[in-house]
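This report concerns only the one structure given below.
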Amino acid sequence: MREYLLTLCVTAAVTYLLTGPVRKFAIVAGAMPEIRARDVHREPTPRLGGIAMFGGLCAGLLVAAHLSNLGKVFELHSEPRALLSGAGLIWILGVLDDKWGVDALVKLGGQMIAAGVMVLQGLTILWIPVPGVGTVGLTPMQGTLLTVALVVITINAVNFVDGLDGLASGMVCIAAAAFFLYAYRLWFGHNVEAAAPATLFAAILMGMCLGFLPHNMHPARIFMGDSGSMLIGLVLAAGAISITGQVDPDVLNAFTGGSERAVVHATVPVYIPLLLPLTVIAVPVADLLLAIVRRTWNGQSPFAADRGHLHHRLLEIGHSHSRAVLIMYFWSGLIAFGTVAYSVHSASTWILLLIVALSAAGLVLLLLPRFKPRAPRWAEAFVPPRYRRRKVAAAAPEAAGALDAAEAAGAAEPAEEPAEPGEQREPVPAGVHGATAIGDRSRFTRITSNS
């Protein structure tokens with residue numbers, strides 16, 4: 001575990017330290033596209049954050065290759081080299097898209113090529129466990145098609161959900177943490193050597209996201225762009241492929257004590273969802289499927305951009321930027337960690353009851369967009385100012401009355417009203433020091449066009 005923690009910390013540190021210089025480079029290079037109608041930020045913000053994340057990936061792999069235990073993963077498995085090759089291709093494609101823009105079909109072709117490169121180097125699905133049947137072997141063609149499909153789905157799911165500050169990196173970090181717990185249990189808990197590459201990938205992915213999050217939290221100073229979102233999506237898909245399609249269920253007989261069919265039934269809560277990552281990144285995949293159905297129903301291309309994603313809907317019903325991100329974090333963590341917990345103790349009723357209770361709490365949060373909790377007075381020093389109670393000096397009632405009268409007369413600057421459907425928002429030329437969501441920001445004013 002210490003070597004994993006060292007790899008994670010090195011990856012996070014390199015990513016964090018590189019993000020600042022990369023931001024300055026993105027500004028100089030002009031990688032700051034204009035504000036689009038579907039964007040929720042109000043200032044031009046540099047992209048190319050994927051450059052720093054790719055640097056963290058390379059640093060993590062380099063450090064792991066020189067450690068005593070993790071170094072054996074590079075000697076016995078070809079997956080780390082396959083991951084680096086595919087990540088390099090998808091990263092170059094993302095950088096080109098962030099700077100000059102790349103057609104959607106070209107990006108799709110590049111994603112398939114990156115997946116094909118990983119398949120050629122051994123990172124492919126060899127078999128899948130099917131409930132009630134057992135292990136189903138795949139032909140090379142079937143394994144290649146399934147691997148490419150999984151990579152493309154995961155990359156685009158993460159790319160689609162990258163719409164709010166800190167959303168994609170935080171959700172992928174949560175998914176990677178849950179994935180790491182399961183893979184680590186297989187490797188060190190049950191001596192399944194084939195789970196070693198996936199465990200390493202999950203640790204490095206957590207480091208990449210944790211190192212980038214401080215720069216990307218609201219208000220974001222830099223965006224990861226397609227170079228970052230496609231990169232972390234590919235790393236997550238590589239871990240799912242490695243542990244799902246290459247861990248032979250026959251090896252699990254040693255600690256389940258049953259037949260192959262019993263092994264499949266014992267591990268299906270995680271094996272099948274990881275094959276098509278519907279639980280590890282269930283929220284991004286659901287957003288992807290809903291977007292495809294919505295755009296196709298409206299006669300648009302499935303790759304056409306719009307403001308109908310889940311995070312846009314949360315903003316529309318009244319949630320703030322930070323709360324919308326936290327709600328998405330909550331659902332991702334509940335699904336990912338709930339699935340891992342259920343796979344470990346599938347016979348425990350309390351796990352199912354806890355998941356149901358947390359789901360009910362999440363639904364309540366969705367229905368209370370205007371609710372703002374107030375911290376008790378003894379805890380106000382430890383919470384942000386917006387959660388503190390308003391203090392009025394008792395010794396100066398005249399000042400308090402004057403303040404109330406000024407607010408009643410409208411002296412205070414009013415909050416900016418949300419745009420009507422279809423209204424185009426004008427960008428505020430206030431520099432490139434961050435991005436803000438649609439909401440109360442007193443230092444911004446609405447610009448009205450004279451045309």
Side-chain angles (χ1 to χ4, degrees), residues 1-26 46-95 98 114 117-118 121 123 155 158 166 168-170 172-177 179-180 183-184 196-217 221-239 242:
M1 178 62 75
R2 288 179 296 179
E3 294 188 354
Y4 284 115
L5 291 178
L6 177 60
T7 303
L8 187 154
C9 292
V10 170
T11 304
V14 172
T15 303
Y16 178 81
L17 295 176
L18 285 179
T19 304
V22 167
R23 177 180 178 274
K24 295 180 180 179
F25 168 76
R47 295 188 179 183
L48 294 179
I51 296 179
M53 304 181 81
F54 184 73
L57 171 65
C58 295
L61 291 175
L62 181 62
V63 169
H66 290 82
L67 297 178
S68 57
N69 292 327
L70 292 182
K72 298 178 181 178
V73 177
F74 294 81
E75 299 175 0
L76 301 177
H77 305 276
S78 62
E79 283 91 336
R81 292 187 295 273
L83 171 65
L84 186 59
S85 301
L89 290 176
I90 206 70
W91 172 73
I92 293 174
L93 177 64
V95 169
D98 290 340
V117 169
M118 293 195 300
Q121 300 191 45
L123 186 57
I155 288 176
V158 175
S169 51
V172 172
C173 184
I174 293 172
F179 190 90
F180 175 82
Y184 186 82
T199 311
L200 175 62
F201 296 167
I204 292 177
L205 183 57
M206 280 192 291
M208 296 166 60
C209 296
L210 290 175
F212 186 73
L213 262 177
H215 300 273
N216 191 232
M217 292 301 292
R221 293 174 57 83
I222 185 174
F223 294 153
M224 68 172 65
D226 283 0
S227 58
S229 61
M230 292 197 299
L231 176 63
I232 60 178
L234 182 134
V235 177
L236 184 60
S242 179

All pairs passing side-chain hydrogen bond (donor to acceptor under 3.5 Å, both in side chains) where residues 81-91 contributes a residue, at least two apart = S85-Q121

inquiry  = Per the side-chain hydrogen bond (donor to acceptor under 3.5 Å, both in side chains) rule, what does the pair list look like for residues 4-13, sequence neighbours excluded?
reply    =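 Counting only pairs at least two positions apart or across chains, no side-chain hydrogen bond (donor to acceptor under 3.5 Å, both in side chains) contact touches residues 4-13.
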
Give the minimum heavy-atom separation between [X] and [Y], together with the two atoms involved.
{"X": "F179", "Y": "A202", "value": "CD2-CB, 3.8 Å"}
{"X": "G239", "Y": "A198", "value": "O-CB, 3.6 Å"}
{"X": "A82", "Y": "M118", "value": "O-CG, 3.2 Å"}
{"X": "A87", "Y": "L57", "value": "CB-CD2, 3.7 Å"}
{"X": "L123", "Y": "A238", "value": "CD2-CB, 3.7 Å"}
{"X": "V14", "Y": "G55", "value": "CG1-O, 3.8 Å"}

request  = Give, for atom CG of L83 and atom OG of S78, the distance between the pair rounded to the nearest 0.5 Å.
outcome  = 11.0 Å

note = To the nearest 0.5 Å, atom CG of L200 lies from atom NE2 of H77 at 10.5 Å

Indicate every side-chain donor-acceptor pair of residues 225-236 with a distance under 3.5 Å to a residue at least two apart or in another chain.
| unit_1 | atom_1 | unit_2 | atom_2 | d |
| --- | --- | --- | --- | --- |
| D226 | OD2 | K107 | NZ | 2.9 |
| S227 | OG | G50 | N | 3.3 |
| S227 | OG | D98 | OD2 | 2.8 |
| S227 | OG | M224 | O | 3.2 |
| S229 | OG | N159 | OD1 | 3.0 |
| S229 | OG | G225 | O | 3.2 |

Quick one: side chains of residues 205-216, donor-acceptor pairs under 3.5 Å with protein atoms, not counting sequence neighbours, listed by atom name and distance.
| unit_1 | atom_1 | unit_2 | atom_2 | d |
| --- | --- | --- | --- | --- |
| H215 | NE2 | Y16 | O | 3.1 |
| N216 | OD1 | G166 | N | 2.9 |
| N216 | ND2 | I222 | O | 2.9 |

query = Of all residues at least two apart in sequence or in a different chain, which pass the side chain to side chain contact (heavy atoms under 4.5 Å, CB included) check with C58?
reply = F54, L84

Side chain to side chain, L8 and I204, heavy atoms closer than 4.5 Å =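 Result no, sub-4.5 Å side-chain heavy-atom pair not found.
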
Considering only distance and modelled atom types, tabulate donor-acceptor pairs under 3.5 Å from the side chains of residues 65-75, sequence neighbours left out.
| unit_1 | atom_1 | unit_2 | atom_2 | d |
| --- | --- | --- | --- | --- |
| H66 | ND1 | L62 | O | 2.8 |
| S68 | OG | E3 | OE2 | 2.8 |

